[in-house]
Amino acid sequence: MFHSIEKQVSSAFRAHIQIRYGIDLPVTIEQPRQSEFGEMAVPAAFQLAKQLRQAPKKIAAELAEEIGPIPGVASLEVAGNGYINIRLDRGAYGAALLRGETAASADTSGKVIVEHTNINPNKAAHIGHLRNATLGDTFVRMLRAGGQRVEVQNYIDNTGVQVADVVVGFHYLEHKGISEVKALLADPAVRFDYYCWDLYARTSSYYKDHAESLAWRSATLHAIEAGEGDVAELAHLVADAIVKAHLKTMLRLDVEYDVLPRESEILHLKFWAYAFELLKERKAIYLETEGKNLGCWVMPGLSEEGKVIVRSNGTVTYVGKDIAYQLWKFGLLGKDFYYEPMHTYADGRVLWVTTDQPTPNQPTPNQPTPDQPTTAAHEFGHATRVFNVIDARQAYLQEVVVAGLRALGYDEQATQSVHFNYEMVALSPRCCADLGIPIPEEDRKKPYVEVSGRKGQGVKADDLMDSLIAKALEEVTSRHADDPPEKNQKVAEQIAIAALRYFLLKFTRNTVIAFDLQEALSFEGETGPYVQYSAVRARNILRKLAERGEQIPDFATELDAEAMKRQLESEDFWQMLLAASKVDAIVAGAVSSGEPAHVAKYAFQVAQTFSNFYAKYPMITEENREKKVFLLWMTDFFRRQLERTGAILGIQIPEYM
RNA sequence: GCGCCCGUAGCUCAGUUGGAUAGAGCGGCUGACUUCGAAUCAGUAGGUCGGGAGUUCGAAUCUCUCCGGGCGCACCA
């Protein structure tokens, strides 16, 4: 609602300025610092002052005088040195919200691909992976809330060094073959992803002590790349099992995907070979004839020596494969994967995985069948914009990929390739102490410490969630001893996930998170559970009313524009309603700035506003009928807005708290 | 050495893309549960926005410089 008026005001000013001064100015709308100044402020006069060489105050006066009526706006006034402050028509605003007007603006500007999670399938997920997935998933929800078509991809590097190292562990260190690993997988007492976590650490440390054993790694990599033999089969077995474990972990957080493109298919379907020809043909890479990169295919430009794309032994680097993959995402490769369904989510959405050959009797994504209803357009790739949610430390490699697109002449796609970067999750020294991770003396005073996955250090995602759920269950049970345990369990899970997601989202992307277990376990203050608690309280009021034998009023018939106007004369009510009605504006802003944290912050603010409202205005005992109905409507409105905003953050509202 | 990021209240962080009197949570201190459930609310203390210079009507935000921290710059990903 707020957002649509904002857009109207902006375009009205833009049009007027165009006619009046012949200047095309994209008019921005700000929020006045003080609420007494009104609901919106237009600083356009300041920008015009430079070009017109006139005092901003004079221009502002002209604009305010001449612009004429704008729907929803009650008055304009010039303030300060040249601000135009805008007051909204409160009655009309409230009445529109009462009617439930929603500006459903479907974005038709093509499809967006968001690639996130991308965990190496060789061990259990850790806290850093959760930041990636939570950021990516929330951004997807934000885009979808704005009407955007989004495809979620989770790239699986099932042929890389990390998988090879675990295979080395099984094969050379533990002398386990396919049947032994299958036995491990079948053993309910073994958590395979945790097992691999430790095995990977053991392999890494073995390499360190026995440098000659690195030959095992390259032998394994070659076997995997060739795709034949027991070692390759073992690698597939491990990677597939770990991918399933990751999907399960992510599902606990309500994170879902549309398709899993796998590196093995990029290799087998010769995506790289095609991209390689393209790069050579368009002179984006050259064969180095001297120096340390002798015999390599190199992309020039980004660093002094250039970036090696193809090694002197003929194998392709990760960046090379990523260029091919990025081309495919934009539909520029002229090749496609084959697909098969891998999993069906609770809402019927199907998760597809790539394969290297057509699977008989399986519906393919491009040919939906009657029993395979089309929920999204069943054609993967062909995006107009691509967001790659990847750790900031890989910025250089992402630049190389984009430079590759540009060198191939795909400037448009290069600009539409966004590295959605974020800083790492480190651990606070206190947290390391809590977890028994040894840290060097000089690190104890640092705000955070980066721990090593190779050493098997870190916080496993599932362990963290388990701790959060245990803590939440304790809290829930202490308040609801009479409720059935399975219900309390469900509530505890919702609270734990909300706490976790909110914790990971409240920091802006370029802030290093110093993870602290005690802080993450907190359910008070600026946390996910606080947001949930507000929504639950709003719902409780309406339920309490029914328990007292009162009907929930039919708001639309009992309140009209006049009643709204009367009630909203109260500055307090007006400010509260205003705060709660800005979801669309906030989400739109957060999408353009690429900051899910802004949505999290807003959710907290709305929750806080409601808590304040709740404490200040008892409503069940309110005697003035109109006011009572209004208060109840406000409560219901808050509830809806909190649920909506929560849903965008992936936070569910529990039945009780 | 080159490149990118960061420095804001005791702690952890926001700061609407250059706007009006710098905000929040935690922690501290005062208060509020017989009331729609206190995972809450009200109040209070706490700032030379790392230092300096510049750009202009206007700077936490842009430029330069210095100080302090982080991360990259592989024929790893």
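In what follows, chains are A, B, ... by sequence order, proteins preceding strands, each numbered from 1. Values in this document were obtained by computation on a predicted structure and should not be read as measured data.
Side-chain proximity of A:R393 to B:A14, B:A39, B:C71: nearest is B:C71. Among B:G70, B:C41, B:C75, the nucleotide with an atom closest to any side-chain atom of A:Y448 is B:G70. Here the side chain of A:N510 is nearest to one of B:A39, B:U40, B:C5, namely B:C5. Comparing B:U16, B:C75, B:A24 by their nearest atom to the side chain of A:V308 picks out B:C75. Closest approach to the A:Y318 side chain among B:A39, B:A77, B:C36 is made by B:A77 (side chain taken as heavy atoms from C-beta onward). Of the listed nucleotides (B:U40, B:A77, B:C36), B:U40 has the atom at the smallest distance from the side chain of A:R537.
Here A:F37 counts as stacked on B:A20: its ring centre is under 5.5 angstrom from the base ring centre and the planes meet at under 30°.
Base orientation of B:C33: syn, the glycosidic angle falling within 90° of 0.
Of all nucleotides present, none satisfies the Watson-Crick or G-U wobble test against B:U56 with each distance under 3.5 Å. B:A24: Watson-Crick or G-U partner is B:U12, with both key distances under 3.5 Å. Summarising the base pairing, B:C41 is matched to B:G31 through a Watson-Crick or G-U wobble pair whose two defining distances lie under 3.5 Å. For B:G1, the paired nucleotide is B:C73, the pair qualifying as Watson-Crick or G-U wobble because both relevant distances are below 3.5 Å.
Applying the 3.5 Å distance criterion, the base of B:C13 shares no donor-acceptor pair with the side chain of A:T511. In terms of polar N and O atoms assigned as donor or acceptor, the side chain of A:N118 never comes within less than 3.5 Å of the base of B:A77 in a complementary pairing.
Among the heavy atoms of the strands lying under 4.0 Å from A:D157 are primed sugar atoms or P, OP1, OP2 only; no base atom is included. Heavy atoms of A:K616 sit nowhere under 4.0 angstrom from any nucleic acid atom.
If you take atom P in B:C4 and the same atom in B:U40, they sit 43 Å apart, rounded to whole Å.
The ring-ring contact (aromatic ring centres under 6.0 Å, His included) test with A:F515 is passed by exactly one of A:Y448, A:F503, A:F507: A:F503. Of the listed residues (A:N540, A:L545, A:I541), just one forms a side chain to side chain contact (heavy atoms under 4.5 Å, CB included) with A:R543, and that residue is A:N540.
Side-chain atoms of A:R217 and A:T203 form no donor-acceptor pair, as typed in the model, at a separation below 3.5 Å. Between the side chains of A:D157 and A:Y318, no donor-acceptor pair of N or O atoms lies under 3.5 Å.
Panel note: side chain A:Y502, backbone A:A600; a donor-acceptor pair is recorded below 3.5 Å.
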